[in-house]
Amino acid sequence: MKKVYTCFCTDVIHEGHLNILREAARYGEITVGILSDEAMIKYNRFPTITIEERKGLVEKTGLVAHVVVQKEIMYDKILQEIRPDYVVHGDNWTDGPERAIRDNVLKNLSILGGELIEIPYTYNENVKKIDDTIKERLAMPEFRRKRLKQLLRLCPVVKTIEVHSGLTGLIAEKTVVEHNGELDQFDAMWLSSLCDSTAKGKPDIELVDMSSRLRTIDDIMEVTTKPIVLDGDTGGLIEHFVYNVRTMERMGISAVIIEDKTGLKKNSLFGTEVEQTQDSIENFCNKIRAGKRAQRTEEFMIIARIESLILEKGQEDAMTRARAYVEAGADGIMIHSRKKSPEEIFAFCDAFRAWNQKTPIVVVPTSFNSVTESELQSHGVNIVIYANQLTRSAFPAMQSTAVEILRNHRALEVDSRLMPFKDIIRLIDDM
């Protein structure tokens, strides 16, 4: 009997999948690959059920002979192992980043002597409703809140991009790239107080209150599913912080990062150029403990941001604080630097990892932006936050457009560098 292979990356079997399986059965004995969690999160939605449950869904159809796990997005290894006569897939991968997967399948089949069979994708209201239901489930607080901890177990580095509106949230949610035969996307979203304040035309001095910031978060959560890491500035008064922790948990935020400074907040990248006061270790540890006591779930994370290198107090002070903050209950440590070289970040990470192998390390490579994620990973970093790049790229583009319109008294000259509005609208899902 001929061998047929198809791969699913779904949490539900609907009529579209059944149609593929029935068509595949015409060609021979079916083996279905279930894409691993690690592979799914590189280009698809985060799984809402376990891989064993996903395998069970396929087995219950009664249409397949074998179910295996496909550990990588590309098909090289699985096709070499199975050596099928046919690969069956929907025809919805001929455009966009997924075309790279199709090209990979064709390349392998040309070597192995197999054939690709493409089935028309099933578009109807029932399928759309099922897809929408999965997305809604992913957006629910109880699912979103725990996702950062799940990602830390699955990803070598959790790639996090700054967002400050529903539209930038959609960019973070839907941007998938193909590079060197691989697909990739961002894992999580960072809601920066700097960028949130800037979008509102306010200075970054904790002037935008938590109620306003939570409205921004709500706008983003309404149209996305990825986990949110919130910039909590100093966390404010301990008495306020504990209430905010419960609010953040209830909303489905995955983590808050609070920095060990007091007084009027000034952006860290000013360093010692402006007066900045670091909190005492005792007081900041009390804030961490109070926040952890206030938690009602195990998934929510409080991450302590250490400003010692920013304030030029050295590695010893940074490590002393890191040890104290972890012992106080911090779920992660963020270390910051405004130097162009990552060397002092590497030195801290190496020292921290020599003392503690498990607690996640977070870095924000704004100043030391030449460093790669793999280099940071090699020094024990778990979360990389691109903290302000979307805001900084949007501002000069908008300002340049405004200048050109004023200069020419018309919009023709800027039209060539504007995205067609229909491309923006495609980001936004119809209800």
Side-chain angles (χ1 to χ4, degrees), residues 37 46-50 134-155 158 160 163 169 187-193 196 206 208-260 279 282-305 322 324-334 356 358-362 382-383 385:
D37 292 352
F46 199 96
T48 62
I49 59 177
T50 68
I134 293 173
K135 183 179 177 183
E136 287 297 323
R137 190 180 185 198
L138 284 167
M140 290 296 104
E142 63 271 25
F143 286 98
R144 194 195 296 250
R145 183 175 53 238
K146 64 184 178 182
R147 204 160 300 138
L148 182 61
K149 281 194 171 181
Q150 291 173 318
L151 286 166
L152 285 166
R153 292 193 293 269
L154 291 171
C155 300
V158 177
T160 309
V163 299
D187 304 303
M189 299 178 288
W190 165 249
L191 211 149
S192 155
S193 64
D196 198 12
E206 293 185 272
V208 178
D209 64 22
M210 185 57 74
S211 296
S212 179
R213 298 204 63 208
L214 293 177
R215 284 197 296 274
T216 303
I217 295 167
D218 196 49
D219 287 343
I220 293 165
M221 285 186 158
E222 193 171 354
V223 296
T224 65
T225 65
K226 292 186 177 180
I228 286 180
V229 181
L230 178 66
D231 178 3
D233 290 321
T234 65
L237 296 173
I238 291 177
E239 293 82 358
H240 297 174
F241 182 57
V242 294
Y243 281 99
N244 288 334
V245 164
R246 291 178 186 169
T247 299
M248 289 183 278
E249 273 191 296
R250 197 162 52 245
M251 291 183 75
I253 293 168
S254 294
V256 63
I257 297 181
I258 55 173
E259 58 192 83
D260 58 356
D279 203 353
E282 180 183 10
N283 190 62
F284 198 69
C285 285
N286 287 338
K287 187 176 293 185
I288 294 168
R289 292 189 192 99
K292 294 305 294 180
R293 284 196 300 269
Q295 274 185 232
R296 294 295 180 264
T297 67
E298 291 296 319
E299 299 99 353
F300 185 74
M301 300 176 71
I302 297 175
I303 298 171
R305 169 171 158 176
Y325 299 163
V326 171
E327 288 165 1
D331 299 294
I333 293 294
M334 175 179 157
N356 182 307
K358 293 183 178 179
T359 302
I361 299 175
V362 185
N382 306 95
I383 301 175
I385 298 176

For a 4.5 angstrom cut-off between non-hydrogen side-chain atoms, does [X] reach [Y]?
X	Y	result
Arg296	Val245	no
Ile49	Arg137	yes
Gln295	Ile302	yes
Ile238	Asn286	yes

Next on the checklist: My understanding is that only one of Leu148, Leu230, Leu151 makes a side-chain contact (heavy atoms from CB on, under 4.5 Å) with Ser254; could you say which?
Outcome noted: Leu148
For [X] against [Y], the heavy-atom pair lying closest together:
X	Y	result
Gly329	Ile288	C-CG2, 3.9 Å
Ala324	Cys285	O-SG, 3.6 Å
Leu138	Phe46	CD2-O, 3.2 Å

In Å, rounded to the nearest 0.5 Å, how long is the span from [atom1] of [X] to [atom2] of [Y]?
X	Y	atom1	atom2	result
Ile257	Met334	CD1	CE	5.5 Å
Asp196	Ile220	CG	CD1	7.5 Å
Ile385	Ile303	CD1	CD1	7.0 Å
Arg250	Met248	CZ	CE	10.5 Å
Met210	Ser193	CE	OG	9.5 Å

Checklist entry - Considering residues at least two apart in sequence or located in another chain, which fulfil the ring-ring contact (aromatic ring centres under 6.0 Å, His included) criterion with Phe284? => result Tyr325
Does [X] have any side-chain contact (heavy atoms from CB on, under 4.5 Å) partners at least two apart in sequence or in another chain, and if so, which?
X	result
Thr50	Glu52, Glu53
Asp219	none
Glu222	none
Pro360	Leu152, Met301, Asn382

For [X], side chain to side chain donor-acceptor pair (under 3.5 Å) partners two or more places apart:
X	answer
Thr160	none
Arg147	none
Lys287	none
Asp331	Lys292

Next on the checklist: Which residues pass the salt bridge (Lys or Arg N to Asp or Glu O under 4.0 Å) test with Asp260, not counting sequence neighbours?
Outcome noted: Arg321
Item to check | All salt bridge (Lys or Arg N to Asp or Glu O under 4.0 Å) counterparts of Glu299, not counting sequence neighbours | outcome: Arg145
Checklist entry - What residue pairs, at least two apart or across chains, pass ring-ring contact (aromatic ring centres under 6.0 Å, His included) with a residue in residues 136-155? => result none
Checklist entry - Are the side chain of Asp231 and the backbone N or O of Asp233 linked by a donor-acceptor pair below 3.5 Å? => result yes
Checklist entry - Between the side chain of Arg144 and the main-chain N/O of Ile228, is any donor-acceptor distance below 3.5 Å? => result no
Item to check | Worked verdict on Phe300 versus Val256 for side-chain contact (heavy atoms from CB on, under 4.5 Å) | outcome: CA-CA 8 Å; Phe300 185 74; Val256 63; 3.7 Å; yes
